[in-house]
Structure formats: C-alpha cells, structure tokens
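Both ligands and their constituent atoms are indexed starting at 1 by order of listing. Reckoned from all heavy atoms, side chains included, excluding hydrogens, waters and symmetry mates.
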Amino acid sequence: MDEFELIRRYFSRDAGKRGDVVAGIGDDAALVEVPRGQQLAVTTDTMLEGVHFPADAPAHAVGYRALATNLSDLAAMGAEPAWATLALALPSADKAWFEDFSAGLFELADEFHVALIGGDITRGPLAVTVAAYGFAPPGRALRRAGARAGDCIFVTGLLGAGAAGLSAYPSMTGRGRRYLYPRPRVAEGLALRGRANAAIDISDGLLADLGHVCAASGVGATLRTDAMPMATSDVDSALNGGDDYELCFTIDSTRVDELKREWKADLAALTPIGAIESEAGVRCLDAEGREWRSAKPGYRHFKA
Ligand code: ADP
Ligand code: MG
C-alpha cells in the first residue's frame with residue numbers, strides 16, 4: 001500500500017461530520033471555519049517510541065494516547081476540541097498496525113467530536129505528532145498566569161496513576177490501562193471556565209507543572225502531602241510521576257463553596273491540595289506540618 005491508499009483506508013473518515021470543516025483530508029490544506037466570536041486554541045505534541053511510550057506498546061493505545069495528550073492541553077485551556085491533524089513517521093506500512101492505530105485514535109476523536117482534517121505520512125523511526133485545535137470565547141480561556149496569593153489549589157482525579165501504570169506495563173488491565181489510555185479532562189476544563197484563575201494539565205508531575213503555574217503567575221504555593229488524592233500509597237509518584245493528565249487549577253477561596261456545589265457528579269472528583277502564596281517556589285508539608293522533600297524531580301528531556 002502506498003501512502004495515498006493508507007490515508008484513504010485508515011484516516012479519511014470524517015467527511016461531513018462537522019459542519020465547520022469546509023475541506024478536510026484530500027486537498028493541499030484543510031479549510032475550516034472558526035465559529036464567530038470564538039478564539040482558536042492550538043496545541044501540538046510529539047510522541048516517540050521508547051521515550052513517550054514503550055517500544056512494543058499496542059498501536060491502538062499509541063493512537064489513542066497521541067490524541068489524548070493533545071486534548072488534555074486543550075482541556076487545560078478550557079477550550080472545546082474541534083479538529084486534529086496527524087503527522088506520522090513509521091518504519092513500514094504494516095496493515096494491522098494502521099488498523100489498530102486508527103481505531104484507537106478515532107475512538108477518542110469520536111467521543112469528543114473531533115474531526116481529523118489532515119496530516120502527513122513519512123517513512124522513518126516511529127514518531128507520532130498530533131496537533132489539536134479548539135475554541136474558547138475571548139477572555140475565557142484558562143491560562144497559567146492567573147494564580148493569585150490566597151487562591152485554593154485543586155486537582156481532578158487521582159495522582160500517580162500514570163507512573164503506577166507505567167511500572168505495571170505491559171499489563172493492559174487496571175493501572176496498565178490507565179497509563180496507556182489517559183482520559184483528557186475536557187468537560188472539567190469547560191466547567192472551570194469563568195471559575196478558575198489559572199490551570200494546567202499534569203503531564204510532567206504535579207510539582208513541576210504547578211511550578212509552571214506559579215512561575216507564570218509570579219506567586220508560590222504550599223501543598224499538603226496528606227491531602228493528595230493518590231492512586232497508590234507512593235507520595236513521590238503522586239507528586240512527581242508524569243503522565244497523569246489530570247487538571248491542576250487555582251480558584252479564589254471565596255468561590256470554592258460555589259464550585260463544589262455546582263460541580264456535576266459525572267465530572268472527575270475535585271480535591272483541594274493547598275494554597276497559593278506570594279512567596280515564590282512550591283513547598284510541601286506532611287501531616288505534621290514538616291517540610292516534605294522529594295527524591296526525584298519532574299521529567300525533563302533536556303537537563304541543565
Ligand atoms: P501534500 O503532498 O500536498 O502535502 P499529502 O500527500 O501529504 O499531500 O497528503 C494528502 C492529503 O492527505 C492531505 O489532505 C493531507 O492532509 C492528508 N493526510 C496525509 N497524511 C495523513 C494522515 N496521517 N492523517 C490524516 N490525513 C493525512
Ligand atoms: Mg504532505
């Protein structure tokens with residue numbers, strides 16, 4: 001099969017699905033209509049075999065995960081997902097691989113009404129780059145820079161599930177599945193519009209990612225390790241384990257009751273984990289109020 005046949009068979013299945021796609025796969029570029037009164041949120045992520053997923057990971061999970069990490073970024077912006085593009089490099093045109101990969105990708109795309117509108121295929125070491133596009137009304141997107149001293153800090157779901165799942169790999173059930181199939185918190189991000197002062201998705205570990213929020217906002221934070229909603233008993237993987245794809249956000253302390261009251265039961269659970277302070281840096285206290293120190297820092301591709 002050449003790449004045109006591959007594209008036709010495995011990726012061209014969104015024609016007419018969304019009214020805002022004027023021209024999807026098949027032309028030199030896609031043409032789309034951004035709804036009037038909305039801003040376009042754009043994000044992209046590359047996943048490399050051996051770096052972002054194990055070399056023998058099932059193609060279905062690779063396809064799902066490549067889109068999931070991008071939708072998680074849109075969720076953290078409070079943006080509503082709309083479209084995606086896919087640039088693939090892979091060593092050979094293996095039919096079964098394409099079958100599974102596209103099934104995994106479209107499983108998530110269909111759930112969130114995302115249309116695949118274009119991409120690229122080249123031969124090379126396995127690399128999957130997805131870009132995702134979504135909408136937010138002007139001024140309503142969630143930014144990293146809005147945290148203020150006195151804000152309460154919350155996270156969705158459980159922390160440390162990604163790290164636990166990776167160590168359980170290649171088990172595909174329970175924890176292993178949670179690592180390979182992260183749930184992007186899209187509905188939660190939309191529910192935080194107009195409520196959260198700042199937000200980020202947890203891809204590199206809570207401490208590292210909250211550190212980005214604090215740096216962007218010119219503030220600091222104190223966390224309570226005994227307050228963490230943990231997937232396992234390992235505090236270190238809850239605070240520093242990557243790949244959780246939960247949302248961490250800050251909100252005015254005066255608005256917390258309203259948030260809890262109005263938070264719908266089908267959304268991921270919310271847990272308050274600490275407070276924003278004017279002093280820079282992220283501090284952790286244990287149940288006795290002693291400073292907690294981690295053994296491992298967040299993941300970085302390039303170390304200083
Ligand atoms: P060009 O040479 O003009 O860049 P391509 O042959 O790369 O065109 O792609 C043909 C069409 O198929 C384009 O619309 C492109 O967006 C789409 N496409 C290519 N690869 C993929 C892919 N992996 N997934 C989805 N669409 C793709
Ligand atoms: Mg091309």
Side-chain angles (χ1 to χ4, degrees), residues 1-35 38-75 77 79-135 180-184 186 203 243 245:
M1 253 189 281
D2 64 17
E3 59 260 42
F4 303 103
E5 178 65 9
L6 289 169
I7 294 162
R8 200 188 56 72
R9 272 191 59 168
Y10 298 110
F11 298 116
S12 308
R13 48 181 261 192
D14 277 307
K17 201 181 235 174
R18 287 184 63 105
D20 51 16
V21 180
V22 181
I25 291 172
D27 216 315
D28 293 312
L31 284 176
V32 289
E33 200 87 58
V34 178
Q38 302 270 358
Q39 289 179 334
L40 189 63
V42 178
T43 183
T44 189
D45 262 321
T46 294
M47 294 198 343
L48 296 177
E49 183 177 67
V51 178
H52 302 93
F53 56 90
D56 55 352
H60 188 276
V62 175
Y64 182 103
R65 205 162 181 281
L67 181 59
T69 62
N70 280 275
L71 296 190
S72 177
D73 281 321
L74 291 183
M77 294 298 288
E80 178 195 341
W83 315 306
T85 57
L86 164 68
L88 262 183
L90 76 175
S92 65
D94 177 51
K95 265 197 200 169
W97 192 91
F98 275 97
E99 190 87 50
D100 291 350
F101 176 89
S102 60
L105 186 123
F106 281 115
E107 179 181 317
L108 192 63
D110 290 346
E111 180 181 348
F112 289 101
H113 312 290
V114 170
L116 184 67
I117 56 170
D120 193 34
I121 300 187
T122 53
R123 186 188 290 268
L126 185 55
V128 184
T129 300
V130 170
Y133 305 80
F135 311 135
L180 290 172
Y181 293 90
R183 302 288 306 158
V186 170
S203 53
D243 298 311
Y245 299 103

For ligand 1, which atoms sit closer than 4.0 Å to a heavy atom of [X]?
X	value
Asp28	3 (O)
Leu116	24 (N), 25 (C)
Gly26	11 (C), 13 (C), 14 (O)
Ile121	20 (N), 23 (N)
Gly118	16 (O), 24 (N), 25 (C), 26 (N), 27 (C)
Phe4	6 (O)

Practice task
Kindly assign one of parallel, tilted or perpendicular to the pair Tyr181 and His60, based on the angle between their ring planes and the thresholds 30° and 60°.
Solution key: tilted
Problem - Mutual orientation of the aromatic rings belonging to Phe98 and Tyr10 [parallel < 30°, tilted 30-60°, perpendicular > 60°] - result: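 Phe98 and Tyr10: parallel rings.
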Report the member of [options] with the shortest heavy-atom distance to [atom].
atom	options	result
atom 13 (C) of ligand 1	Ile25, Asp27, Leu6, Leu90	Asp27
atom 27 (C) of ligand 1	Ala29, Gly119, Ala84	Gly119
atom 21 (C) of ligand 1	Asp2, Asp120, Leu88	Asp120

Close side-chain approach of [X] and [Y], heavy atoms under 4.5 Å:
X	Y	result
Leu74	Phe112	no
Ile121	Leu90	yes
Glu111	Arg183	yes

Practice task
Look at Asp45 together with Arg65 and state whether they make a salt bridge at an N to O cut-off of under 4.0 Å.
Solution key: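 Salt bridge between Asp45 and Arg65, a charged N being under 4.0 Å from a carboxylate O: no.
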Handout entry: Point-to-point distance, once rounded to the nearest 0.5 Å, from CE of Met1 to NZ of Lys95
Key =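 Met1 CE to Lys95 NZ: 4.5 Å, rounded to 0.5 Å.
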